[in-house]
Amino acid sequence: QVQLVESGGDLVQPGGSLRLSCAASGIIFGLYTMGWYRQPPGKQRELVAAITRYGGINYADSVKGRFTISRDNAKDTVYLQMNSLKPEETAVYYCKADGYSDSYWGQGTQVTVSS
């Protein structure tokens, strides 16, 4: 059974930082591209950042320079360090694992940026 379990979501003030984690089980983690997506209230889900099995990284333009994605293949975990958070980045943040022929989503973790 595949599980992706996100954690680290919280209420944070504008300009603050959070670190999200996504722990995977049931997959050969090192073979998957891992991504972070977010879905603001009433909006579509969008890609935030992704990291391939080879370490290639892609960021949404809106987060470049503020967010950092990383992975620890020994711990089957992907991270998203988020700095200088903005109120409009309030959303449910989801982890996704993409393989050659399959993909999986986590259940999401709420990030609220508000004073």
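The structure presented is a predicted model; accordingly, all values stated were derived computationally and were not measured.
What you find for P14 and S115 is that their closest heavy atoms are CD-N, 3.7 Å. Among all heavy-atom pairs drawn from Q110 and A91, the shortest one is NE2-O, 3.4 Å. Minimum interatomic distance between L4 and A97 (heavy atoms only, all atoms of both residues): CD1-N, 3.7 Å. Across all non-hydrogen atoms, the minimal contact from A49 to Y59 is CB-CD2, 3.5 Å. The shortest non-hydrogen separation linking T33 to A50 is CG2-CB, 4.4 Å. Heavy-atom minimum distance, N58 versus L47: ND2-CD2, 3.6 Å.
Taking D98 as the reference, K96 meet the salt bridge (Lys or Arg N to Asp or Glu O under 4.0 Å) condition, with sequence neighbours excluded. In terms of the salt bridge (Lys or Arg N to Asp or Glu O under 4.0 Å) criterion, residue partners of E46 (sequence neighbours excluded) are, by chain and number, R38. F29 meets the ring-ring contact (aromatic ring centres under 6.0 Å, His included) test with no other residue; sequence neighbours excluded.
Residues M82 and E89 fail the side-chain proximity criterion, which asks for heavy atoms closer than 4.5 Å. C95 is listed as a side-chain neighbour of W36, based on a closest heavy-atom distance under 4.5 Å. The shortest distance between side-chain heavy atoms of D102 and Y32 falls below 4.5 Å. L85 places a side-chain heavy atom less than 4.5 Å from the side chain of F67.
A continuous path of hydrophobic side-chain contacts links M34 to L18 [ILVMFWY only; heavy atoms under 4.5 Å]. Transitive grouping of hydrophobic side chains (ILVMFWY, heavy atoms separated by less than 4.5 Å) brings V63 and L20 into a common cluster. Note: the hydrophobic cluster containing V5 does not contain L80 (ILVMFWY, side chain heavy atoms under 4.5 Å, direct or indirect links). No single ILVMFWY cluster, assembled from side-chain heavy atoms under 4.5 Å apart, contains both Y79 and V48. Cluster membership check: W105 does not share its hydrophobic cluster with Y93, using side-chain heavy-atom separations under 4.5 Å among Ile, Leu, Val, Met, Phe, Trp and Tyr.
Judged by distance alone, with hydrogens and angles left aside, the side-chain atoms of E6 form a donor-acceptor pair with the main-chain N or O of Q107 at under 3.5 Å. Using modelled atom types, no side-chain atom of T109 and backbone atom of S7 make a donor-acceptor pair closer than 3.5 Å. Side-chain N or O atoms of R71 include one that pairs as donor or acceptor with a backbone N or O of T52 at under 3.5 Å.
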Exercise for the section: Test L11 against S114 for side-chain contact (heavy atoms from CB on, under 4.5 Å), laying out the working first. Expected result: CA-CA 7 Å; L11 170 64; S114 175; 4.1 Å; yes
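Counting heavy-atom neighbours within 6.0 Å of I57 CD1, excluding the residue itself, gives a total above 12.
To the nearest 0.5 Å, atom OG of residue S62 and atom NZ of residue K86 are 7.5 Å apart.
With C22 as the partner, the side chain to side chain contact (heavy atoms under 4.5 Å, CB included) test is satisfied by one option alone out of D76, V78, T77: V78.
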